[in-house]
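The structure appears below as structure tokens.
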Number of protein chains: 2
Amino acid sequence: MSERPDDPDIFKGGMPALSARLERGDILSELCPSRGILRHLASRWGFMVLLVLMTGTHRFSELRRKIGGVSEKMLAQTLQWLEGDGLVLRVSYPVVPPHVEYSLTPLGLEAGGRVKDLADWVEINLPRIAAAREAAQ
Amino acid sequence: MSERPDDPDIFKGGMPALSARLERGDILSELCPSRGILRHLASRWGFMVLLVLMTGTHRFSELRRKIGGVSEKMLAQTLQWLEGDGLVLRVSYPVVPPHVEYSLTPLGLEAGGRVKDLADWVEINLPRIAAAREAAQ
DNA sequence: GTAAGTACCCACCTTGAGGTTAGTGTGAAA
DNA sequence: TTTCACACTAACCTCAAGGTGGGTACTTAC
């Protein structure tokens, strides 16, 4: 990891203070809160919610239709996780029938960019991965 | 939600045929194989294996020591997934005690770069996310 | 002689992600 | 009149991800 040149011995015997590693954010540590965030946005549905919201604001049922196979329950839960992490903005209009709009916050837009990079790479390289799979067979 | 259409109108409007979307790799579709790959490399431990292997070749127990909290079983299973996807190279020397070296394939190196981007972003932006969390209360 | 390290595999168990079904209260369309 | 769409919530269930503890066949170090 290139931004960790100062502590080659971070993992050997003499670890720097745990608190220092956590402040900076050390995902390899068991206690680091970044693990939880990553579980949300790299979850099965979190990934795809970000991908769709990258294309613009959506209503709940629009998201549900675009993301193949997601259940109402999991979509609602995933949206709540991402809202709690400050990545997704939920705007509810008090009309009937209900009208709720979901979009990305600036934070969510940044994260979404990275997520999209990874997803795009996987999609583009599917043939190479499939080939590796058969070779490994 | 009994709508289980066969179904090209998940996406209304002029979407290309499902088969074409799958060839290109359409992660939003239920049947796209990229979902499985993503489950592996965005899994709890797959993520961190890639991060550590980005720093170079490692032995099994080196990985285990560096990745806080991973069990032997899950590390072995994760490595097998990633090896099967052609992202990780496993080289075993027939000596005793056993000696096995894990490294990234060119494919794994590319994927690892994206994974690292995402992980770095999360680590760096932990404070902003924590602030959003408190604001959401 | 015994403890620890090596890279695992096996059997069993727990946990939580995720699925299924049902229900809410309205307005609008059939 | 009945049905549907909307955006959910609650209850219940399943199943794989993940954890725990044991064993292996050796070697080196204490």
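Chain identifiers are assigned alphabetically (A, B, ...) following the order of the sequence lines, protein sequences preceding nucleic acid strands; residue numbering begins at 1 within each chain.
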Review point. Under a 4.5 Å cut-off applied to non-hydrogen side-chain atoms, are B/H40 and B/S43 in contact?
Key: no
[X] has an atom [atom1]; how far is it from atom [atom2] of [N], in whole Å?
X: B/Y102; N: C/dT6; atom1: OH; atom2: P; value: 14 Å
X: B/K73; N: D/dG21; atom1: NZ; atom2: C1'; value: 12 Å
X: B/R64; N: C/dC8; atom1: CZ; atom2: C1'; value: 11 Å
X: A/M74; N: C/dG19; atom1: CE; atom2: P; value: 6 Å
X: B/L75; N: D/dA17; atom1: CG; atom2: P; value: 16 Å
X: A/L63; N: D/dA7; atom1: CG; atom2: P; value: 10 Å
X: B/F47; N: D/dA17; atom1: CZ; atom2: P; value: 17 Å
X: A/H40; N: C/dG16; atom1: NE2; atom2: C1'; value: 12 Å

Verify the contact: side-chain N or O of [X] to OP1 or OP2 of [N], cut-off strictly under 4.0 Å; return yes or no.
X: A/S71; N: C/dG18; result: no
X: B/R65; N: C/dT6; result: yes
X: A/W81; N: C/dG16; result: no
X: A/Q77; N: D/dA7; result: no
X: B/R59; N: C/dT6; result: no
X: A/R44; N: C/dG18; result: no

Review point. Pick the nucleotide of DNA chain C nearest each of B/Q80 and A/V70; which residue has the one closer to the 5' end?
Key: B/Q80
Review point. With sugar-phosphate meaning primed atoms plus P, OP1 and OP2, does B/Y93 contact a base, only sugar-phosphate, or nothing at under 4.0 Å between heavy atoms?
Key: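 The answer is nothing, as B/Y93 stays clear of every strand by at least 4.0 Å.
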Exercise for review: For B/R90, report the nucleic acid contact type (base, sugar-phosphate, nothing); a contact means any heavy atom under 4.0 Å.
Suggested key: sugar-phosphate
Review point. Are A/L50 and A/V52 joined in one hydrophobic group, where the rule is that I, L, V, M, F, W and Y side chains link up if heavy atoms are under 4.5 Å apart?
Key: yes
**Study point:** Same cluster (ILVMFWY, side-chain, under 4.5 Å), A/L89 and A/L53
**Key:**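 Different hydrophobic clusters.
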Review point. Under 4.0 Å between a Lys/Arg side-chain N and an Asp/Glu carboxylate O for B/R64 and B/E72?
Key: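 A salt bridge is present here (some side-chain N lies under 4.0 Å from a carboxylate O).
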Point to revise | Electrostatic pair B/E110:A/R128 at N-O distance under 4.0 angstrom | key: yes
Protein-nucleotides 22-27 of chain D N/O pairs under 3.5 Å:
none

Revision key, fill the gap. Per nearest nucleotide of DNA chain D, the residue lying toward the 5' end, A/F60 or B/S43, is A/F60
Practice item. Would you kindly compare A/L79 and A/R39 by the position of their nearest DNA chain D nucleotide and give the one closer to the 5′ end? Key: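 The residue closer to the strand's 5' end, by nearest nucleotide, is A/L79.
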Review point. Between A/V49 and A/L79, what is the shortest heavy-atom contact and its length?
Key: CG1-CD2, 3.8 Å
Review point. Which nucleotide in the list D/dA17, C/dA17, D/dC8 gets nearest to the side chain of A/A76?
Key: D/dC8
Review point. What is the distance from atom OG1 of A/T105 to atom CD of A/E83, rounded to the nearest 0.5 Å?
Key: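 Reported to 0.5 Å precision, the distance equals 10.0 Å.
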Point to revise | Nearest-0.5 Å distance, CG of residue B/D117 to CZ of residue A/R114 | key: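 B/D117 CG to A/R114 CZ: 6.5 Å, rounded to 0.5 Å.
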